[in-house]
Amino acid sequence: MASVVESRTPSISSISDLFRQVRARTMQIVAPLEVEDYVIQTAEFMSPPRWHIGHTSWFFETLIQKFKPGYEVYSPQFLYYFNSYYEGFGARIERPKRGTKSRPTVQETVAYRSRIDELMLEFLTRLEGHSQADTILALVRLGLEHEMQHQELLVYDIKHLLCDQYNAAVQLPPVSVGKIEGMAEIEGGLFWLGYGQPVQSPESKVQSPSNDFAFDNEKPAHQVFLQNYALDRALVSNGDYLEFMRSGGYDDYRWWFSEGWETVNKEQWKAPLYWEHHDRQWMIRDFSGLHAADDKANEPVSHVSFFEASAFAKWAGKRLPTEAEWEKAARGRGAEGTENGLRLFPWGTESISSNRGNLLENSYWGVTPIGSFPEGASLDGCHQLIGDVWEWTTSDYVPYPGFKSEFDEYNDKWFVNQKVLRGGSFATPQIHIRSTYRNFFHAHERWMVSGFRCAKDL
Ligand SMILES: [Fe+2]
């Protein structure tokens, strides 16, 4: 493991509290599953729920191994099964085969998880005065961010595994405030892209639980030049997307990148993932059942690939935004004299609450109608930038100039052939997201909660 740099060090008690909270939430997500559900792998890209609960514990065990002298590993078999892709931690099971093993059993995995919880909390209570306390606390925080990423993956994988057969405790979604239309016109110029731009004044320094952490791939903040541009105020909806489909969008090569067109033909795509055709009607299956797509016309389209998002944008006479254009819109306009200030969210600096965006804590287990979160809108009137769906951008996932890796094999080994998505989804924990967060997937992937909005040159 490389040392963690440039992160503000959290206190032992705040990290212990966060540890308890985050670890408990993972188990709340899987609570409605039956034991048989934990071991099945329904596609190469997903992982069995048992694997997630073990793997997130394995991550903490590697930390204990490194910093606790004389520690004996819980089980060499577990280290093999629960390692994901870390070459530095030795041999591991291939990802597509995670669902081919019935051992370790679910019970054994849960026992392993509880033991790691005990060891970690005990380790944290004895950390006061430890010569490497700051490094360890920063790594524990990273482990918790890692676990939150897996909470989101668990939601995707449970959806793929069970979809409407999963008994989630779903809350009733909010009501839209009305139609959100048009594009926000945003002035270009120099913009500080990324986390932690120079502080302009002491008062503008922000400290809240939501923004005391950022991944290395969000840093360093650096200036980029943007032309004037326009960005959709609303996410592209199922209704918009149905128009594209009904106008023959999936049959017309003109809208598609060459690789996208190949994928459409090879995979026989006719609609986003989880759309089904019944009685000459498009239906969408989600955690709450099967619904006519027309009845969900005002909800953001989701489970689309970069290829599909780009094809729609071209058909609509627009384009996808770059990640810098998206981020500038999502950080709003700052206080006078502070460039765009230190705003980490479209509404300003206050941390996220349930009325600002549709995230995991809202427990809707699905997207919400466009215009459901007026209090989360930016000053330019862009809605739902944070939450609901991850938004595809046209930017390649590459390091920012001056990038320094803070953790081996975490973010930097993926800097090739992937596209950046922004903003978080209904499956993202609140404290895990901010406007500088860079998620990344391959252009053909669509099992995650991915949608988009379009941009245009001015
Ligand atoms: Fe992982």
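The residues D17 and R20 are annotated as salt-bridged, a charged nitrogen and a carboxylate oxygen being separated by less than 4.0 angstrom. Salt-bridge annotation for R115 and E61: absent, with no side-chain N of the basic residue lying under 4.0 Å from a carboxylate O of the acidic one.
Figure legend: R438 and Y400 shown as a cation-pi pair, the cationic atom lying under 6.0 angstrom from the six-membered ring centre and within 45 degrees of its axis. With W269 as the aromatic partner, R446 meets the cation-pi criteria of under 6.0 angstrom to the ring centre and within 45 degrees of the ring axis.
Formation of a donor-acceptor pair under 3.5 Å by the R331 side chain with backbone atoms of R343 is found in this model.
For E118, the CD atom counts as densely surrounded, since its 6.0 Å shell holds more than 12 non-hydrogen atoms of other residues, nucleotides or ligands.
With hydrogens and angles left out, the side-chain atoms of R356 and S351 include no donor and acceptor closer than 3.5 Å.
Tested against D232 for a salt bridge (Lys or Arg N to Asp or Glu O under 4.0 Å), the candidates K456, R319, K318 yield a single pass: K318. Checking E327, E218, E325 one by one against R422, the salt bridge (Lys or Arg N to Asp or Glu O under 4.0 Å) holds for a single residue, E327. The one candidate from W447, W390, Y274 that meets the ring-ring contact (aromatic ring centres under 6.0 Å, His included) condition with H303 is Y274. For the ring-ring contact (aromatic ring centres under 6.0 Å, His included) with F415, the lone residue among Y410, F403, F440 that qualifies is F403.
Taking CD from Q430 and CD1 from I352, the interatomic distance works out to 6.0 Å, rounded to the nearest 0.5 Å. To the nearest 0.5 angstrom, D117 atom CG is 6.5 Å from S57 atom OG. Distance CG/L124 to CD1/I12: 7.5 Å, rounded to 0.5 Å. Atom NE2 of H55 and atom CD of E147 lie 9.5 Å apart (nearest 0.5 Å).
With sequence neighbours excluded, the residues satisfying ring-ring contact (aromatic ring centres under 6.0 Å, His included) with Y112 are Y74, F78, F82.
With ring centers used as reference points, F45 lies under 6.0 Å from H160. Between F59 and F407, a ring centre-to-centre spacing shorter than 6.0 Å is recorded. For F123 and F67, the distance between ring centers is not under 6.0 angstrom.
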Can you give each donor-acceptor pair under 3.5 Å made by side-chain atoms of residues 255-264, sequence neighbours left out, with the distance rounded to 0.1 Å?
from	atom 1	to	atom 2	distance (Å)
W256	NE1	G249	O	2.8
W256	NE1	D252	O	3.4
T263	OG1	E259	O	2.7

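The nearest pair of heavy atoms linking L137 to S11 is CD1-C, 4.3 Å.
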